[in-house]
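The next block holds one structure in the form of structure tokens; read it before the comments.
So you know, we letter chains A, B, ... as the sequences are listed, proteins then strands, and number each from 1.
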Amino acid sequence: MSYDYLFKIVLVGDCGVGKTQIRNRYTLDEFNPQSKSTIGVEFAFKTVNIDGNEVKGQIWDTSGEERYRAITSAYYRGSVGAVLVYDVTKPKTFEALENWASQLRQYADENIVVCVVGNKIDLPTREVSTAEAERFARGNGFFYMETSALDGTGVESAFRQVMKKIFEIVDSRQQARKKTVRAGSIGKTRSIKLTDADDVAEPSKFSSCCKQM
Amino acid sequence: MNQLKDNQIYRQFEKYYQPVRQRRLKRWNALLKIHTVSPDEKSPKLKRFVRKGVPHKYRAKVWMQLTNAQSRMENSLGLYQDLLTRVDKDFKTLEQIELDIHRTFPDNKFFKDGKEDRKKLYNVLVAFAEYNKEIGYCQGMNYIAGLIVLVVREEEKAFWLLVCLIEEILPEDYFCQKLTGITRDCSVLGDLVKDRILGTGDGHDDQWDLVTAKWFICLYIDVLPIQTTLRIWDCLLFEGDTVLFRVGITLFNLRANQLAKASSIVDVIDGLGNFAIEKQVVNCHHFMNLLFEDKNAKVSREIIEDIRDDHRPIQRNKPKRMKTMLIHQCTQRLAMSS
């Protein structure tokens, strides 16, 4: 399927908060109660229409295991959006957001669009309040959404919000720069073959188009 | 439709493999009458037999005896139970292990909710974390210990096999805090693949690690079909970690055409595809032949150690390495440097 834009969006957050379930709910509209620990990295795609443009989201999903951070700099590279997930029933996973946010600041584009997502709101044992989480998100300039990957609540909107914001940034820059950023160049990752030494990610294009946020 | 096709691949393979299995079992019955299995008795004959697959009936016993697991268990009677009783109940690691237990082989009947194997797996991982506090627990070990539990069945045995695998067979820095060994071996595999298959001698691209890290972290569990994984493990326990590279090269080799067109990491992952439904991988007998007969996949310990040295930031292991170098290599080096 053809598309006008490709956005790389990373899912981050502690182990067991439901990153893979959120990805599956968003891209396949599925929830598998028999989930497996994610090891390494997995992708899924979903194309949505934003203001008449076909925008393809490339959703990257990896484990929250602390030791895997050794390989995460490559994971973040070229990402223009992030969904930062915690479990509303586990305050520890909320407290960890600070750490995840600093990971993003360290490895991703400094103007990456971030949505904090409080997942598992279908469970009766919530321990992190909406107000508290909203405060954290606002303080960092992130969006905030609450979701249930189990019943689907909020998942679509969380991604849509991120994609729409990225689109707006890119679009406003394009108005100014006459479409210098074309399909594929945004979120394009470094070529594995490395046949062309110059064929590297161009987050610079993105960051320059985000700087006026 | 796809599901149907997948089942067909497995059915065809079963039809082929059943008589092979029976033939191998007969040969093993005869072998074990005259051949003992121990870490000190690694004859070329046994190596040949192991490469052709250990029959499931003997797998637990052979795995325990090929490694030091059996002897370490016998020399430390009672230690396993001790470890389990002295575990600190607030141990942060317990929480992480608990989280992963129900996410290990969730569709395997032995690991279903309430099944005994879940408890075994939990105990084995907790005991290991207590036994080797430096490594503790790292995600991925749940799959490794899970496979061991499925094969050896008894948890104390499973524990000792896990200990031997992680402490003796794999490089010591595999599951350490920074996964140094895993990322290094991803680079080593990357070099071999670029050199032998893709023909691009470029430097290391760390995006490779995103693709192949799981292969090393899980020792191909949940990457390849279970029968194929078990056959690889037979050789891993006998011959050591070089077999992991043979597998990696062979997998890339199978996809050489698709990968030639890859221009991003996403293309590479796409190009590699799902090996669980690849005929040539599902047929483990055929796959193992490729591993040992294809000259591209041939790697010696010396080659691996040499490339590993290239990826070690501090070459403090260099003197140790010299010891393992063969005489003719030393002469070769001297000749080259003069």
Could you check whether A:Glu156 pairs with A:Lys46 (Lys NZ or Arg NE/NH1/NH2 to Asp/Glu carboxylate O, under 4.0 Å)? yes
For the pair B:Asp267 and B:Lys261, find out whether any cationic side-chain nitrogen is under 4.0 Å from an anionic carboxylate oxygen. no
By a 4.5 Å heavy-atom criterion (distance strictly below it), what part of [X] contacts chain A: side chain, backbone, both, or neither?
X	value
B:Cys218	side chain
B:Glu95	side chain
B:Asp113	neither
B:Phe105	neither
B:Ile217	side chain

Can you confirm if the NZ or CZ of A:Arg69 lies within 45° of the ring axis of A:Trp100 and under 6.0 Å from the centre of its six-membered ring? yes
Relative to chain B, which segment of A:Phe43 carries a heavy atom at a distance below 4.5 Å: side chain, backbone, both, or neither? side chain
Is it the side chain or the backbone of A:Thr62 that comes within 4.5 Å of chain B heavy atoms, both, or neither? neither
Test log, rule side chain to side chain contact (heavy atoms under 4.5 Å, CB included), inputs A:Val116 and A:Leu97: CA-CA 9 Å; A:Val116 173; A:Leu97 292 183; 3.8 Å; yes
Would B:Val211 and B:Leu272 count as a side chain to side chain contact (heavy atoms under 4.5 Å, CB included) if you check the C-alpha gap in whole Å, the side-chain angles of each, and the deciding distance to 0.1 Å? CA-CA 9 Å; B:Val211 186; B:Leu272 288 173; 3.4 Å; yes
In B:Arg184, B:Arg246, B:Arg308, the residue satisfying salt bridge (charged side-chain N to carboxylate O under 4.0 Å, His left out) with B:Asp241 is B:Arg308
Please verify the inter-ring angle class for A:Tyr86 with A:Tyr144; under 30° counts as parallel, over 60° as perpendicular, anything in between as tilted. parallel
Residue, of A:Asp14, A:Ile39, A:Val41, that accumulates the most heavy atom pairs under 4.5 Å with chain B: A:Ile39
Which one, A:Ser35, A:Pro33, A:Ala74, A:Ser37, leads in non-hydrogen pairs under 4.5 Å with chain B? A:Ser37
Checked B:Asp270, B:Asp107, B:Asp222 vs chain A; the most non-hydrogen pairs under 4.5 Å come from B:Asp222
Among B:Ala213, B:Cys176, B:Cys138, B:Gly140, who wins on heavy-atom pairs under 4.5 Å with chain A? B:Cys138
Centroid separation B:Phe159 to B:Tyr131 less than 6.0 Å: yes
